[in-house]
Number of protein chains: 2
Amino acid sequence: MTHADKPIKNVLFIMADQLRWDYLGCYGHPSIKTPHIDALAKRGVRFANAFVQGPVCGASRMSTYTGRYVTSHGSAWNFVPLAVSQKTMGDHLRPHGVRCAVVGKTHVEADKEGAARLGIDTTQDPGRLVMHGGFEPYERDDGIWPPGFKVQGNPYCDYLRQQGYGGDNPWHDWANSSQGEDGELHSGWQLRWAREPARIAEEHSETPYMTNRAMDFIREQGDRPWVLHLSYIKPHWPYVVPAPYHDMYGPEDVLPAQRSEGERVDPHPVYRGFMDYTPSTTFSQEEVRQTVIPTYMGLITQVDDHIGRLMQFLQETGRDQDTLIVFTSDHGDYLGDHWMGEKELFHDAIVKVPLIVVDPRHSADASRGSVCDAIVESIDLAPTFLDALGLPQPAEWLEGASLQPLLHGQSGLWRKDQAVSENTFAFRDCVRLPIGAPVDRCNMTMVRTHEWKYVHVDGLRPMLFDLLNDPQELHDLGASPEHAAVREQMQRRLLDWLFCRRRTTGISPVGIETWNKRELKAGIDIGVW
Amino acid sequence: MTHADKPIKNVLFIMADQLRWDYLGCYGHPSIKTPHIDALAKRGVRFANAFVQGPVCGASRMSTYTGRYVTSHGSAWNFVPLAVSQKTMGDHLRPHGVRCAVVGKTHVEADKEGAARLGIDTTQDPGRLVMHGGFEPYERDDGIWPPGFKVQGNPYCDYLRQQGYGGDNPWHDWANSSQGEDGELHSGWQLRWAREPARIAEEHSETPYMTNRAMDFIREQGDRPWVLHLSYIKPHWPYVVPAPYHDMYGPEDVLPAQRSEGERVDPHPVYRGFMDYTPSTTFSQEEVRQTVIPTYMGLITQVDDHIGRLMQFLQETGRDQDTLIVFTSDHGDYLGDHWMGEKELFHDAIVKVPLIVVDPRHSADASRGSVCDAIVESIDLAPTFLDALGLPQPAEWLEGASLQPLLHGQSGLWRKDQAVSENTFAFRDCVRLPIGAPVDRCNMTMVRTHEWKYVHVDGLRPMLFDLLNDPQELHDLGASPEHAAVREQMQRRLLDWLFCRRRTTGISPVGIETWNKRELKAGIDIGVW
């Protein structure tokens with residue numbers, strides 16, 4: 001059991017990619033093996049209602065890294081540049097002498113146009129850091145190289161080549177492919193090969209490699225304070241995993257899809273469009289689920305095993321005594337639920353994520369092993385890190401709130417009663433074109449309480465789910481005449497939320513509060529007779 | 001009469017500061033003399049429903065310069081830095097070889113923190129331009145030096161010293177003060193001295209000086225294309241003007257205040273707070289109005305005279321043939337209307353501004369001398385300038401629309417049917433403290449159609465005015481039970497407006513539209529079996 005008198009000096013911020021909240025033992029999955037993550041839950045607080053601010057990687061992560069909602073940071077989807085003037089957790093930490101680095105994926109799209117326009121030198125700090133969302137790229141690797149892509153300058157691919165996995169794209173050809181009986185390549189991008197083992201020794205695959213690099217960083221940093229974002233690319237597709245994880249699970253571990261025939265009757269036009277998206281049509285086939293889900297589970301258990309290794313390393317180095325440990329995900333994966341594949345909409349399978357926080361301090365002892373039902377958001381993490389390290393939380397930037405009250409048995413201080421998540425369907429032709437919406441009118445915004453989930457959709461009717469009576473979200477009440485009052489109330493929540501976004505970042509609340517006095521002191525005395 | 005076949009090469013963008021829409025002859029004032037501005041209206045289109053996006057200088061101007069609403073650019077009030085990554089009209093013009101400069105006031109507050117954090121060198125371009133909101137500071141002068149302030153490095157003050165007006169603050173002590181019978185200084189900051197002439201020869205005062213500098217720029221630029229923002233500091237306070245303008249008008253020219261006793265009965269808490277603000281209590285006294293308004297009118301006529309001089313210069317140099325001329329203001333001045341002084345709220349006295357556009361091309365001949373009733377906004381100016389110059393209008397940044405259809409007799413193409421204006425009462429203790437609102441919950445947003453004006457106020461009831469039956473806005477219907485349906489409809493307008501703000505500036509609409517195709521081309525083919 002962790003319990004220390006030492007102040008927090010470091011934060012180990014672990015993120016898995018595309019990991020559903022309910023595919024962990026401690027979150028109730030009946031057969032998945034995640035003993036090391038479950039052990040973290042026993043040492044800390046497990047959040048049962050943690051939500052991401054966007055249902056795709058990019059938007060979600062930019063919110064987590066900035067502590068700001070998507071509408072405030074503006075990086076509304078994958079590969080939309082994060083404007084150079086947006087501050088991320090690294091920008092808030094570094095001036096206080098805390099090294100903030102990433103090992104693995106961030107999905108930060110650099111605002112090269114902004115940098116060029118402003119004459120920022122991106123070859124050296126601070127410009128270089130801006131290109132990486134404020135994270136020192138200790139081992140930045142966003143992964144995902146399509147078949148045939150010539151990968152150059154990627155340390156993991158260079159490492160693979162050193163181990164004898166050659167070619168233009170060893171990431172794809174070895175770590176993320178399997179092979180047929182005659183040695184032919186079976187690309188991991190094709191779901192049909194998911195049950196075959198990756199063409200790589202387990203120790204050389206991405207998850208152990210990134211874990212090793214995290215240890216390198218922690219070892220190198222010694223007693224100097226740090227925040228390390230260890231960001232696993234897995235269990236994100238390609239769904240392929242090395243032995244022995246490839247056959248650790250079988251069809252008997254595949255839970256029934258959460259879906260109903262009723263969902264396909266006169267669905268919301270946006271939902272209909274996403275049901276027509278290729279990953280949705282494939283994952284709606286049972287054969288695909290039976291093939292992919294065991295491998296998805298194997299990828300998770302592999303991550304779990306290496307988290308176990310990392311935890312042992314922390315214990316051996318004593319770092320478990322002064323390090324806040326956070327484990328979470330950037331969004332889920334439909335896996336055939338709701339006749340959907342991939343992500344992009346707002347069912348809990350996507351926007352609810354696992355979140356476990358281990359605070360080694362005595363002040364957190366009472367909450368160890370507990371489950372917190374409060375609604376929390378991933379924008380709350382950056383404020384939590386700053387708070388744990390005893391650093392200021394600039395309110396003109398941060399829209400989240402520190403989770404510390406919930407970790408230290410002061411849940412009465414927690415005010416948040418809703419989560420917001422945003423996306424746009426502008427980038428998906430299969431959704432946008434049938435609707436005929438211009439790309440700037442494709443906004444979707446979810447507000448979710450314990451009782452209701454409401455999704456505002458530009459120019460179309462909203463979606464609405466009654467979470468108490470329909471926890472599986474199978475009945476969209478967005479057009480139900482009996483629910484007009486609920487929709488109005490949820491719309492009012494959205495309007496209030498929209499009006500208090502932190503868009504005025506150039507002056508602090510204290511600066512505003514003291515403005516009148518400073519104005520008078522400067523002799524700006526207006527309208528006197 | 002202007003009419004030319006030449007394409008537009010230049011834009012002369014003239015702004016007066018704190019000039020009410022109804023204090024010009026062509027806008028119907030019964031006695032003010034503004035023949036040269038009236039002549040512009042005869043040569044172009046006079047807009048009868050032009051609105052600014054903020055009722056204070058800073059927020060309004062940042063919207064005009066960026067072509068973006070306040071909530072999108074974030075500079076929510078005076079002296080709130082404009083984030084370095086916000087693009088202004090200069091940033092859109094300069095890459096196309098158009099020189100974009102300012103003579104006079106911009107009120108741009110430089111984002112020095114952002115520049116330092118990003119390692120931007122602000123001593124040279126492009127960093128230097130960023131510090132000035134993208135305008136080349138040909139003669140930047142934001143004016144307004146409080147009494148006793150030691151002014152250094154200001155060209156106009158240096159000019160005054162050269163003319164023999166000495167001291168630490170010649171702007172205040174000579175150009176913006178008068179003197180008593182014993183030669184004692186009467187500061188223009190005190191309203192009681194408004195009728196006395198400024199201690200300066202008219203030719204040395206600010207308005208002729210800035211006009212001369214504009215001519216210097218135009219002359220220097222020759223045939224190369226330019227956009228010049230000639231931004232007069234007048235008729236903004238201090239209300240003091242040199243002879244002969246100081247006694248050109250008298251109490252007989254002062255119109256009755258637009259106010260009613262009913263407005264003081266149980267007013268909206270925000271309105272009540274602003275009525276308690278010093279300029280409001282002074283301007284509610286008739287003696288103050290009688291003293292100040294004639295001088296306010298004199299300042300306007302002085303501006304008009306120098307605009308006449310400038311127009312003659314354009315004609316003599318032939319620049320009238322290839323220059324789009326725009327005349328507008330950044331907001332109005334209550335002058336005692338509604339028991340208010342200064343600005344900050346949303347009555348038409350403040351948010352409606354004069355706007356005259358002279359397009360010398362033949363294509364605009366049919367609209368010359370006409371009055372346009374369409375609702376237009378100051379964010380429409382930047383797109384208009386780009387359009388007139390034949391340059392692209394980047395839709396990911398610009399939230400306004402080019403006025404060209406309204407200038408070229410194609411008003412059927414104009415879609416806008418509402419204006420939005422935003423402010424915060426966070427900076428005014430006399431408003432915020434009695435209400436007890438935290439500084440981040442003081443947002444006010446007006447949406448105005450031809451029929452209704454609705455003001456959303458954070459945490460408080462809205463304000464509502466029936467513009468058809470109460471054009472003077474004397475009856476706030478924000479709490480009227482009979483108007484619930486109207487308020488709901490206006491709230492819906494606000495929600496729709498908020499949801500389609502241009503916050504995703506890093507990718508163009510075309511970039512989004514073609515995303516799917518580019519994704520597939522790159523081999524990103526997700527979820528295939």
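Reminder, nothing fancy here: chain letters follow the sequence lines and each chain counts from 1. Just so it is clear, the values below take in all heavy atoms, side chains as well, and ignore hydrogens, waters and symmetry mates.
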- Query: If you count the non-hydrogen atoms of other residues, nucleotides and ligands that lie under 6.0 Å from CD in A/Glu488, is the total more than 12?
  - Reply: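 Incorrect, the count does not exceed 12.
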Under 4.5 Å from any heavy atom of chain A, what part of [X] do you find: side chain, backbone, both or neither?
X        : value
B/Tyr277 : side chain
B/Glu342 : side chain
B/Pro147 : side chain
B/Asp111 : neither
B/Glu513 : both
B/Arg94  : neither
B/Val130 : side chain
B/Trp145 : neither

Let's test your reading of the structure: which of [options] forms the most heavy-atom pairs below 4.5 Å with chain A?
options                                : value
B/Gln190, B/Gln285, B/His456           : B/His456
B/Leu129, B/Val70, B/Thr71, B/Leu118   : B/Leu118
B/Val80, B/Leu433, B/Ile120            : B/Ile120
B/His73, B/Arg117, B/Arg428            : B/Arg117
B/Thr424, B/Val288, B/Ile144, B/Leu191 : B/Leu191
B/Ile507, B/Ile512, B/Thr278           : B/Ile512

Chain B: which of [options] shares the most heavy-atom pairs with it under 4.5 Å?
options                                : result
A/Pro438, A/Gly459, A/Pro146, A/Ala115 : A/Pro146
A/Glu113, A/Arg432, A/Lys87, A/Gln86   : A/Lys87
A/Thr445, A/Leu82, A/Thr281, A/Thr505  : A/Thr445

Minimal non-hydrogen separation, [X] against [Y], with atom names:
X        : Y        : value
A/Pro81  : B/Gly506 : CD-O, 3.4 Å
B/Leu495 : A/Gln491 : CD2-CG, 3.2 Å
B/Val84  : A/Ser85  : CG2-CB, 4.1 Å

- Query: Is there a side chain to side chain contact (heavy atoms under 4.5 Å, CB included) between B/Leu498 and A/Phe499 once you walk through the steps?
  - Reply: CA-CA 8 Å; B/Leu498 268 170; A/Phe499 269 115; 3.7 Å; yes
Non-hydrogen atoms of chain B under 4.5 Å away: do they reach the side chain of [X], the backbone, both or neither?
X        : answer
A/Arg441 : side chain
A/Glu287 : both
A/Trp189 : both
A/Asp458 : side chain
A/Thr291 : side chain

- Query: What distance do A/Asn443 atom CG and B/Cys500 atom SG have between them, rounded to the nearest 0.5 Å?
  - Reply: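 Nearest 0.5 Å value for the CG-SG distance: 9.0 Å.
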In a table with atom names and distances, give each donor-acceptor pair under 3.5 Å that connects a side chain of residues 520-529 of chain A to protein atoms at least two apart or in another chain.
none

- Would you mind listing every salt bridge (Lys or Arg N to Asp or Glu O under 4.0 Å) that reaches into residues 490-505 of chain A, with sequence neighbours excluded?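 For residues 490-505 of chain A, and leaving out neighbouring residues, the salt bridge (Lys or Arg N to Asp or Glu O under 4.0 Å) pairs sorted by first residue read A/Glu399-A/Arg501, A/Asp417-A/Arg493, A/Arg492-A/Asp496, A/Arg502-B/Asp440.
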- Is the backbone of A/Gly74 close enough, under 3.5 Å, to the side chain of B/Thr504 for a donor and an acceptor to pair up by distance?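 Yes.
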- CA sep, side-chain torsions, deciding dist, call: A/Val439, B/Trp515, side chain to side chain contact (heavy atoms under 4.5 Å, CB included): CA-CA 11 Å; A/Val439 293; B/Trp515 181 265; over 6 Å; no
